[in-house]
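Only one structure is covered here, and it is reproduced in the block below.
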Amino acid sequence: MTTAIVPGTFDPITSGHLDIIERAATLFDEVVVGVAASAHKNGTGPLFAAQLRVELICQATAHLPRVRVASFDTLLIDFVRAQKGDVIVKGLRAMTDFELEFQMAALNARMDCEVETLFIMSSPEYMYLSSSAVKEIAALGGSVKGLVPACVEEALLDESR
């Protein structure tokens with residue numbers, strides 16, 4: 001059985017993230033979505049607490065029987081080992097993603113050469129999409145319909161009230 005880890009902050013999970021998770025679920029026996037606690041990313045804390053992000057991802061992936069969700073606050077490679085993962089799956093949107101992801105993949109390989117990293121290109125309709133953009137649109141009162149799963153859209157509306 002091959003277990004893939006799809007890690008991220010997922011603050012919040014977007015339709016692009018969900019697309020990568022769904023595609024990974026067709027390639028591997030089990031997919032673990034690893035939600036990084038990430039107390040400080042880009043100089044700010046997350047909009048949603050880790051437990052709420054886990055709950056939202058569980059709702060968004062409920063239709064995928066071989067997907068489970070867990071949070072972590074360790075090195076990714078330690079989380080992969082704890083989950084008995086074989087491969088790390090990362091989505092790529094643009095060259096800027098590639099540079100950072102390539103560096104992280106090389107460091108993870110140095111820490112554990114038995115864990116592979118697989119890059120999946122974003123589907124064209126999601127190449128522009130990021131959690132940061134979604135949060136900004138929602139904060140300014142714009143519609144995020146279609147950019148995020150319905151449960152996340154509702155959570156963002158609740159957050160803005």
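- For residues 135-144, the set of pairs meeting the side chain to side chain donor-acceptor pair (under 3.5 Å) definition, not counting sequence neighbours, comprises D11-K135.
- Linking Ile, Leu, Val, Met, Phe, Trp and Tyr residues whenever their side-chain heavy atoms come within less than 4.5 Å places V6 and I57 in a single cluster.
- For D29, there are no side chain to side chain donor-acceptor pair (under 3.5 Å) partners, not counting sequence neighbours.
- With respect to E153, the side-chain contact (heavy atoms from CB on, under 4.5 Å) criterion is satisfied by exactly one of V144, L147, D158: V144.
- For the atom pair T2 OG1 and D86 CG, the distance stands at 5.0 Å (nearest 0.5 Å).
- Q51 is linked by a side-chain contact (heavy atoms from CB on, under 4.5 Å) to V54, E55, counting only residues two or more places apart in sequence or in another chain.
- For A60 against C151, the heavy-atom pair with the smallest separation is N-SG, 4.2 Å.
- Hydrophobic clustering, with ILVMFWY side chains joined whenever heavy atoms are under 4.5 angstrom apart, groups V31 together with V35.
- Put simply, CG on L56 and CD1 on I13 are 8.5 Å apart, with the number rounded to the nearest 0.5 Å.
- The shortest distance between side-chain heavy atoms of F79 and V32 falls below 4.5 Å.
- The side-chain contact (heavy atoms from CB on, under 4.5 Å) test applied to S131 returns P12, T14, H17, not counting sequence neighbours.
- You'll find the side chain of L64 reaches within 4.5 Å of the side chain of E22, heavy atoms only.
- Taking the side chain as every heavy atom from C-beta outward, Q83 and R68 approach each other to under 4.5 Å.
- Residues satisfying the side-chain contact (heavy atoms from CB on, under 4.5 Å) criterion with E101, sequence neighbours excluded, are K90, L92, M104, F119.
- The minimum heavy-atom distance linking E30 with T3 is given by the pair OE1-OG1, 3.2 Å.
- For the pair P7/I88, a side-chain contact is recorded, criterion being any heavy-atom separation below 4.5 Å from C-beta on.
- The closest side-chain heavy-atom distance from L100 to Q103 is below 4.5 Å.
- Of all heavy-atom pairs spanning A50 and A37, the tightest one is CB-CA, 4.4 Å.
- Of the possible polar contacts, one joining the R66 side chain to the A25 backbone as a donor-acceptor pair under 3.5 Å is found.
- The distance from the CG atom of N108 to the CD1 atom of I5 is 11.5 Å, given to the nearest 0.5 Å.
- Connection of V87 to L76 is not established within any shared hydrophobic cluster, with ILVMFWY side chains joined at heavy-atom distances below 4.5 Å, either directly or through further cluster members.
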Could you give me the CA-CA distance, side-chain angles and deciding distance for L27 and I120, then say whether side-chain contact (heavy atoms from CB on, under 4.5 Å) is met?
CA-CA 11 Å; L27 299 172; I120 298 179; 4.3 Å; yes

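- In the hydrophobic clustering of this structure, F98 does not group with L107; members are Ile, Leu, Val, Met, Phe, Trp, Tyr whose side-chain heavy atoms approach within less than 4.5 Å, directly or through other members.
- Of all heavy-atom pairs spanning T74 and D78, the tightest one is OG1-CB, 4.0 Å.
- Closest non-hydrogen pair, R53 versus A36, comes out as NH1-O, 2.9 Å.
- Note on L75: it does not cluster hydrophobically with V33, by side-chain heavy-atom contacts below 4.5 Å among ILVMFWY residues.
- Of the inter-residue distances, the one linking L18 atom CG with R23 atom CZ reads 11.5 Å to the nearest 0.5 angstrom.
- Atom CZ of R110 and atom CD1 of I77 lie 13.0 Å apart (nearest 0.5 Å).
- Side-chain contact between F28 and L118 is present, with heavy atoms from C-beta onward closer than 4.5 Å.
- Nearest approach of A4 to V89, heavy atoms of both residues: CB-CG2, 3.9 Å.
- Separating the NZ atom in K145 from the CD1 atom in I137 is a distance of 14.5 Å, to the nearest 0.5 Å.
- For CZ of F102, the number of neighbouring non-hydrogen atoms (other residues, nucleotides, ligands) closer than 6.0 Å is 12 at most.
- L47 is listed as a side-chain neighbour of L156, based on a closest heavy-atom distance under 4.5 Å.
- Between F48 and T9, the closest side-chain pair of non-hydrogen atoms is not below 4.5 Å.
- Listed by chain and number, the residues in a salt bridge (Lys or Arg N to Asp or Glu O under 4.0 Å) with D73 amount to none (sequence neighbours excluded).
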